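Comments concern the structure below.
Every heavy atom of this structure was used, including side-chain atoms; hydrogens, water molecules and symmetry mates were not. These numbers were taken from a predicted model, which means no experiment stands behind them.
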Amino acid sequence: MIRARGSRKHESGSTEARPRCVALRLIAGFLLLASGCRESRLAQEQVSKSTGPIIIISVDTLRADHLPTYGATGVETPALDALSRDSIVFENAYSQVPLTLPSHASMLTGRLPSELGIRNNLGYRFDPEVPSLPLLLARDRWDTGAAVSAYVLRSETGLGEAFDHYDDQVSGSQGALLGEIQRSGEETVTAALSWIDERPDPRFFFFLHLFDPHAPYEPPEPFASRYSAAPYDGEIAAADAALGRFLAHLRSAGLYDDATILFMSDHGEGLGDHGELQHGIFLYREVIRVPLFLKLPATRLAGTRVETPAALLDVFPTLLEIAGVSGTPEPASRAVSLVDLAEGARPDRRIFSETMYPRIHLGWSDLASLVDDSFHFIAAPRAELYDVRADPAEKHNVIAEQRRVYAALDREMKTFDRSLTPPSAISPEEEAKLSALGYLGGAGPGSGADLPDPKDRIADLERFGRALSLRDSGSPETAIPILREIVDRNPSFADAWTLLAKSYDDSGRLEDAAAAYRRAVDAAPALAAGTMLSLSEVYVKLNRWDEAIAHADLAASMHPAQAALIRSRAFLAKRDAARAEGELQIVIADPATRL
């Protein structure tokens, strides 16, 4: 979807293919600066009053130690190498959460996930009225635009409403996983440059998001052949090539020298280092340490390398300073200026990160961590402490040797809000509807204090991946017993219940599929909207029309067009032509269904 500020919003929210063609066939059939508005040294200089563009480039799921700038030798990234030479490079920058939506929301606002109320990619919505970089810059008469490459950052998350222009045209096949609903970096760069070239005034803010290094790792040629043994690195190389074209265009357009360009990633990737292949579950450095470069106008401070730990939260006050925006509300987070860090500031702080993913999706304990230039503390049912100088790969837990450090960090951890609030996607009315249909009787994700330590259950995630591969390769019956064992061991593993339901559905065992979907809702009410959509489709196949309509109603807040399509089929089967036609009008009117 491409949108402008103020346009009517709709929630496309489904991992299924867009429904308009189906509908037509049915019709045919029937934050931050201190409150004192301080001016940093940068803000006092002429270069800080930016007359050129401010651009954030985010390459999703990019480990810092897989870039040559940070010492990697297995991949070539000439565009990023050149940008880093013109930039301040932060050696130890950390994400606040290893998930795409909450990480970017924190970066754009200078607020922690708990302060924003966004704890997961699904089930939560960004409040566009929260002071954010695009909102505050727009108020200061900057044009603001974005082009994103992944479904999880689609406009309907609320992010689109914070920008004047938001290009999120991504696609996926029927039944695609979230990570598969994306577009290539080349396509997104083309969309970005189209908007940038239309700007008569170079004083604009743009957010460019590339998804290429995210799983599944399927780089295009020539990178697929060149990196056949390391496809993750091949996707990094492909992203670099797309960014090379973007940066070259800025140079040819005369924008590069005056531009402020911040390059980052939202989080890293496990790649099996601690048993996690991807991200979201653990908080080891491979998933929270991210690349971070800051190119200032006229390449001021180029070549500076900063060892002091930085946070993605720091992006917010830094770019507002450079833009000359002052008097903004002070968030509760502890963000500092990246320029101040480059000029020698050493704030007394530990950088906080969290992940609620294991609790929401798997029924395991959530995790949180604090890191500084010496130690990394991970709060878990079995806590961990690592000496990041002596042991950067975090292989040796030093809690026994560093009891005083552990005690101090544990006390500080208790000052952070780690409560899991209900997702904004579930309203009181929806909760009442869920209860009326017999849901919300289960424990859900429960209290983090008594849940399993993800370290002890990570092997079950590997087995889940094996079941997923079996189902995707056309062997759902073979996947079913594996998934039954997983949910017997992990009764709140919502993703396993969902995959089990899909496998039953593929095998024609519709009643079993419905029962498994219902267990998925009880396991993870935060994910109920998407589950209800799938369950309503099963009830259509079972000719249980009233149940199909009731469950589609519960999916409608997040997936209005898809829910309306299912209701139209049910009303048509009930011979209620007028209501069926009314539902189809909702489908046709939704911008997300336009051809």
Of I56, V189, L193, the one forming a side-chain contact (heavy atoms from CB on, under 4.5 Å) with L208 is V189

Does the Lys NZ or Arg CZ of K395 fall within the cation-pi geometry relative to Y386 - under 6.0 Å from the ring centre and within 45° of the axis? no

- [ ] Tell me, yes or no, whether the heavy-atom count around E462 atom CD, taken from other residues, nucleotides or ligands under 6.0 Å, exceeds 12.
- [x] no

Margin query: Let's go through N121 and Y357 carefully: what are the C-alpha distance in whole Å and the side-chain angles of both, what is the deciding distance for side-chain hydrogen bond (donor to acceptor under 3.5 Å, both in side chains) to 0.1 Å, and is it a yes or a no?
Written below: CA-CA 9 Å; N121 283 333; Y357 183 94; over 6 Å; no

Minimal heavy-atom distance between W195 and G145, with the atoms involved, is CH2-N, 3.6 Å

Closest non-hydrogen contact found for L153 with V148 is O-CG2, 3.7 Å

Between G268 and H279, the two heavy atoms sitting closest are O-CB, 3.8 Å

Value for OG (S149) from CZ (F211), rounded to nearest 0.5 Å, stands at 8.5 Å

Do R154 and Y151 form a cation-pi contact, if we require the NZ or CZ to be under 6.0 Å from the six-membered ring centre and within 45 degrees of the ring's axis? yes

Is D65 salt-bridged to R285, going by a charged N under 4.0 Å from an acidic O?
no

Is the centre of the F377 ring less than 6.0 Å from the centre of the Y406 ring? yes

Item to complete: Please determine, by modelled atom types, if D164 and T144 share a side-chain donor-acceptor pair under 3.5 angstrom.
Response: yes

Under a 4.0 Å threshold between the charged nitrogen and the carboxylate oxygen, would K414 count as salt-bridged to D410? yes

Check your understanding: Does CZ belonging to R305 count more than 12 external heavy atoms closer than 6.0 Å?
Key -> yes

Could you walk me through whether I57 and I55 satisfy the side chain to side chain contact (heavy atoms under 4.5 Å, CB included) test, starting with their C-alpha distance in whole Å, then the side-chain angles of each, then the deciding distance to 0.1 Å, before giving a yes or no?
CA-CA 6 Å; I57 300 171; I55 297 169; 4.0 Å; yes

Q: Would you kindly say whether D266 and T100 are connected by a side-chain donor-acceptor distance under 3.5 Å?
A: yes

- prompt: Is a side-chain donor-acceptor pair under 3.5 Å present for T188 with R183?
  reply: yes

d(R457 CZ, I281 CD1) to nearest 0.5 Å is 12.5 Å

request  = Check the angle between the aromatic planes of H214 and H267 and answer parallel, tilted or perpendicular using the 30° and 60° thresholds.
outcome  = perpendicular

### Distance-only side-chain donor-acceptor flag, N490 / W364, under 3.5 Å
yes

### Query
Which of parallel (below 30°), tilted (30 to 60°) and perpendicular (above 60°) describes H376 and Y94?
tilted

Interatomic distance, CD@E354 vs CG@D366, rounded to 0.5 Å, equals 7.5 Å

| Side-chain donor-acceptor contact under 3.5 Å, T318 with D314 | no

* Test D86 against L296 for side chain to side chain contact (heavy atoms under 4.5 Å, CB included), laying out the working first. => CA-CA 8 Å; D86 288 342; L296 295 173; over 6 Å; no

Would you say R119 and T355 are linked by a side-chain donor-acceptor pair, where the criterion is simply a distance under 3.5 Å? no

Rounding to 0.5 Å, atoms CG (L137) and CG (L319) come to a distance of 8.0 Å

The reported gap from CZ in F293 to CD1 in I88 (rounded to nearest 0.5 angstrom) is 12.5 Å

Heavy atoms of A524 and A494 approach each other most closely as CB-CB, 3.4 Å

Using a strict threshold of under 4.0 Å (side-chain N to carboxylate O), is an ion pair present between E269 and R63? no

Self-check item: E156 side-chain N/O to G160 backbone N/O, donor-acceptor pair under 3.5 Å
Solution: no

- Residue pair Y284 / E384, side-chain donor-acceptor N/O under 3.5 Å: yes

Residues A242 and G185: closest non-hydrogen pair is CB-C, 3.8 Å

- Item | Intermediate values then yes/no, side chain to side chain contact (heavy atoms under 4.5 Å, CB included), R245 and L247 | CA-CA 6 Å; R245 181 164 69 90; L247 295 168; over 6 Å; no

The side-chain contact (heavy atoms from CB on, under 4.5 Å) partner of S106 among L116, V315, L101 is L116

Is the centre of the F207 ring less than 6.0 Å from the centre of the H104 ring? yes

